[in-house]
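Everything below concerns the one structure shown next.
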Amino acid sequence: MTANTQTPSRPGLKEGKTNEFTLFFNVKPGHAQQIRDFFKGVDHDKRRVLTDRIGTLHDLRWVLFDDDTRLLFASNFDGNWDAYIDDFAALIPDTFDAVLQHTEDYPGIKDPSIKDFVVAHQATACNYLRAAPDATVKDIQKALRVNKAFQQLLDEAG
Amino acid sequence: MADSAGQAEEQVLELDDIQGTLLRLRPTPFTGAYFLLRIDDPDDGRQMLARLVPHVASATQWWDPPNRAWLSVALSYSGLRALGVPQESLDSFPDAFCEGMAARAERLGDTGDSSPEHWDAPLGSADVHVAVSVFAPDATAMESLLETARETLRDLPGVSVIYRLDASALPTKRTHLGFVDGIGEPDIEGSGVASLAQRMGGGDYGYLPGFGPTIKAGEFLLGYANEMGRITLMPQPDVLSRNGTYVAFRKLHLRVAEYRRYLKDNASSPEEEELLAAKMVGRWPSGAPLVLAPDHDEPAIATDPHRVNDFTYHEQDPAGLRCPLGAHIRRMNPRDALADSLVDVKLHRALRRGTPYGPMLPEGELDDDGAERGIVFIFMGTDLVRQFEFLKTQWANDGDFVGLGDEKDPIVGSNDGTGTFTIPKRPVRRRLQQLPRFAVTKGGEYLFMPSIRALKWIAERDT
């Protein structure tokens, strides 16, 4: 039996190659509807292209709770979230700002203190389990491509 | 693409305040040495610095330094403290620098034989306060500068030289592994690129194909705008940090005999050995890139400054059929290779200087002679985490970013004999197995390389 490992000096548990990443924010009074409205306007396909480009993001969810006063961001990442945060800030700043501007104390994704802000809002899971801990998003995408090609080969052979 | 407004605002750098080693490549051939000093008395330490400062080469005097030789100075966190830099100033330095390289060994892949408990003393210890590098075109000029350096220590019992590592160009002008290196350097805005290739072409300044994109000066110098459109966090006061940068200093022992045996064991002819080595590096021994010379070395490309860097990956070699996805140079400077990923490569560039130490292993020798030989690797940049540590953790010691799973850099990766190296090939790729670690870390330090004005500021402080 192996225990989850916590990366030194970083919150969050790691299982295999993937980290859980759970953030809690306080929603600015009356701003919950704006968050809902933003997601209504989001083009799901475009978001998928974005997560493909990120290449390390297994999934993510946003949840408004406690009578719309709080916001949860829960996600699973390969590697460390902070390795690429500067890249996200440089290349897709609007994605983060659009939602988080409706939360309290948010400095903006481009603010130098953004990493401290994230860590301050992060809570570490008590326990973390993955079905395939050693499969990264890239591994899964590759496996699907290979399987598709293999099935095609079998189809053609048959 | 830089627009005309951007060009009009071209950054002006204070070249006379910036240490020369940061922006200028040394002439070759050269002879050199690194010295580490411990300071037991802050007054003696500052006195030594005051004497040393007039001899530190700036980026303007680089091509004609006093005595045709030049000297650079960098300080560790414990060194800044030992020199009496006030605590509030020390506290304003970033965590990675304050902790030091040894404390971050695990994340850097410095484990097993490379872990700090096996490092050469005093590397990685709190005794390393000041690092001085001395380079000269020949032994006579070197001796003259060393004499000057010795003078700066005269009657200062509170300063001790605790380590010396001689590091000079090899007779071949190549690395111990047989390659010309230092070719792909970033083009820093306002600096006047002075790359190896350009000097081979006879000019010191100007833009050449393949060097782009130009990187904001703030990526490599504190006090200027960086690629994120702001000035990197400056330790206080400004006079201490402006025009300075951080240095990752590493002493890497190269297992040359093991490297040669590995190539031999995995190839059926000397030609195939050379191809295998080139696949691992991404360039041929001459420096000719595989993307432009896929089948055999073409030294004419290497010596042509307009061609040696004039290639792309995503456009010209997306599947890595020429230069493998996991080749050393494709990892360390992916150019456009990650165009489909959400990565801004301009945030992860490195200014690098590599200097060989130790005697060459005679050509053809396949048995280790026990000699210490390797490379002193110097990284310079304003963000140790976003640049140096990112390069090590994401690109050198992992392969996920290009879909290669755990596969590590075949040359500098923290391999342990279980790794692989994948060579894309049609119809079937080739995968080398049981990759050993060829570059063993023998020590390292995070240092701060202050401006010349900052060195004076430290030297003149009275505590």
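- For CG of B/D95, the number of neighbouring non-hydrogen atoms (other residues, nucleotides, ligands) closer than 6.0 Å is 12 at most.
- The CG atom of A/D87 lies 10.0 Å from the NZ atom of B/K346; values are rounded to the nearest 0.5 Å.
- Looking at B/D344, its side chain never comes within 3.5 Å of a backbone N or O of A/A90 through a donor-acceptor pair.
- Crowding of A/N147 atom CG: a count of heavy atoms from other residues, nucleotides or ligands under 6.0 Å exceeding 12.
- For B/E106, the CD atom counts as loosely surrounded, since its 6.0 Å shell holds 12 or fewer non-hydrogen atoms of other residues, nucleotides or ligands.
- Heavy atoms closer than 4.5 Å to chain B are found nowhere in A/D134, neither backbone nor side chain.
- Taken to the nearest 0.5 Å, the CG atom of A/D78 stands 14.5 Å off from the CZ atom of B/F401.
- With a 4.5 angstrom heavy-atom cutoff, B/D398 does not touch chain A via any of its atoms.
- Checking side-chain atoms of B/R230 against main-chain N and O of A/K110 turns up a donor-acceptor pair under 3.5 Å.
- Atom NZ of B/K425 is surrounded by 12 or fewer heavy atoms from other residues, nucleotides or ligands within 6.0 Å.
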Q) Does the side chain to side chain donor-acceptor pair (under 3.5 Å) test come out yes or no for B/H348 and A/D86, once each step is laid out? A) CA-CA 10 Å; B/H348 311 291; A/D86 295 320; over 6 Å; no
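- Counting non-hydrogen atoms of neighbouring residues, nucleotides and ligands closer than 6.0 angstrom, the NZ atom of A/K142 reaches no more than 12 such neighbours.
- Other residues, nucleotides and ligands place no more than 12 heavy atoms under 6.0 Å from the CD atom of B/Q434.
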Evaluate A/D82 against B/V385 for side-chain contact (heavy atoms from CB on, under 4.5 Å), listing each step before the verdict. CA-CA 10 Å; A/D82 57 349; B/V385 174; 5.9 Å; no
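- In this structure, B/Q394 and A/A83 approach most closely via the heavy-atom pair NE2-CB, 3.5 Å.
- Rounding to the nearest 0.5 Å gives a distance of 12.5 Å between CD1 of A/I85 and CZ of B/R386.
- Contacts of B/D340 with chain A are made by backbone atoms alone, with heavy-atom separations under 4.5 Å and no side-chain atom involved.
- For A/L91, the part sitting under 4.5 Å from any heavy atom of chain B is the side chain, from C-beta outward, and nothing else.
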Checking A/K17 against B/D406 for the side-chain contact (heavy atoms from CB on, under 4.5 Å) test, could you report, in this order, the C-alpha distance in whole Å, the side-chain angles of both residues, the deciding distance, and whether it holds? CA-CA 10 Å; A/K17 292 179 176 172; B/D406 286 334; 2.9 Å; yes
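- Of the atoms belonging to B/L347, it is side-chain heavy atoms, and not backbone ones, that fall under 4.5 Å from chain A.
- Side-chain contact between A/Y84 and B/L342 is absent, with no heavy-atom pair separated by less than 4.5 Å.
- Nearest heavy-atom pair, A/K138 versus B/S341, reported as atom, atom and distance to 0.1 Å: NZ-OG, 4.2 Å.
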